[in-house]
S.K.: 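Once you've had a glance at the structure underneath, I'll fire off some questions.
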Amino acid sequence: MPKLQAIVFDLDDTLYSERDYVLSGFQAVADWAAINLGIEAVTGYATLANLYFEGVRNNTFDRWLTLHNKDRSDIVPTLLDVYRQHTPKIEPFPEIVEILQTLVGSYKIGLVSDGYLGVQQRKWSALGLNSFFDAVVFSDSLGRENWKPSTAPFKLVLEKLDSLPEFSVYIGDNPRKDFFGARQLGMQTIWFKRALAEYGNLEPPGADYHPHLMVESLVQVLSSIEQLNL
Ligand SMILES: [Mg+2]
């Protein structure tokens, strides 16, 4: 009889590459700007993507408008809306479906994801993974104050999965927020520390933020779950 009952996943950069979402959003913005601002779509997309690959994470649209000689800070909120409300073209990491197929039946499967509710719901629906999951919790539905590292979304997912924290594991990519709340409740935690991941180089800010285990590939998740079952 396995000790572990429930496996709960993070969404961004755990089940799919967050970079793909960003680039998909940039495409939507470039398409919108081609019509509304006269910035040629291919060029507009390329300059947005360059800013991202140069490491720009704030003021991207302001800087982008300046690069295209558009003095239009007033339009940044609209560009953010286009970005956040676009229908994302994203896919799960290639190995994810097989991993979920392996886990389904032996474990209950859950999701806990932070971020603006509508944005996360659109990502979730684009990924097409819902049928594998027994419970899905978007922390934003509990209010901004209950985003990770709050324990609240973890409590809720365990309630929905009817699983005790000590028999459950959370798998995420961001040591600043993914393991603290889960650990507070007594869940096991696994850091999926993928090469080139957005948050892969962050350090846990304190002892309570450390994961129990670390893996570098999703396939290792399966063997680490075996370890947790020992
Ligand atoms: Mg994440």
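Order of appearance sets the numbers: ligands from 1, and atoms from 1 within every ligand.
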S.K.: Check whether any side-chain heavy atom of Asp134 sits under 4.5 Å from a side-chain heavy atom of Lys160, and report yes or no.
M.R.: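 Counting from C-beta outward, Asp134 and Lys160 never come under 4.5 Å.
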S.K.: Using only N, O or S atoms, tell me which atom of Asp10 is closest to the Mg ion (ligand 1).
M.R.: OD2
S.K.: I'd like to know if Asp173 and Arg194 make a salt bridge, using a cut-off of under 4.0 Å between side-chain N and carboxylate O.
M.R.: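 Result for this pair is no, no salt bridge flagged.
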S.K.: Kindly confirm whether the Mg ion (ligand 1) is within less than 2.8 Å of some N/O/S atom in Asp178?
M.R.: no
S.K.: So, is Asp13 placed with an N/O/S atom under 2.8 Å from the Mg ion (ligand 1), counting both backbone and side chain?
M.R.: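 Within the cut-off used here (under 2.8 Å), Asp13 places no N, O or S atom near the Mg ion (ligand 1).
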S.K.: For the Mg ion (ligand 1), which N, O or S atom of Asp12 is at the shortest distance?
M.R.: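 This turns out to be O.
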S.K.: Is there a side-chain contact between Val169 and Leu213, using heavy atoms and a 4.5 Å cut-off?
M.R.: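 Of all side-chain heavy-atom pairs linking Leu213 with Val169, none is under 4.5 Å.
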S.K.: Hey, which N, O or S atom on Asp173 ends up closest to the Mg ion (ligand 1)?
M.R.: OD1
S.K.: Picking from Val104, Ile190, Ile225, what satisfies side chain to side chain contact (heavy atoms under 4.5 Å, CB included) with Ile7?
M.R.: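 Answer after filtering Val104, Ile190, Ile225: Ile225.
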S.K.: The Mg ion (ligand 1) to Glu18: any N/O/S contact under 2.8 Å?
M.R.: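 So Glu18 does not count as coordinating the Mg ion (ligand 1).
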S.K.: Could you check if a side-chain atom of Ser224 sits within less than 4.5 angstrom of a side-chain atom of Met214, using non-hydrogen atoms only?
M.R.: no
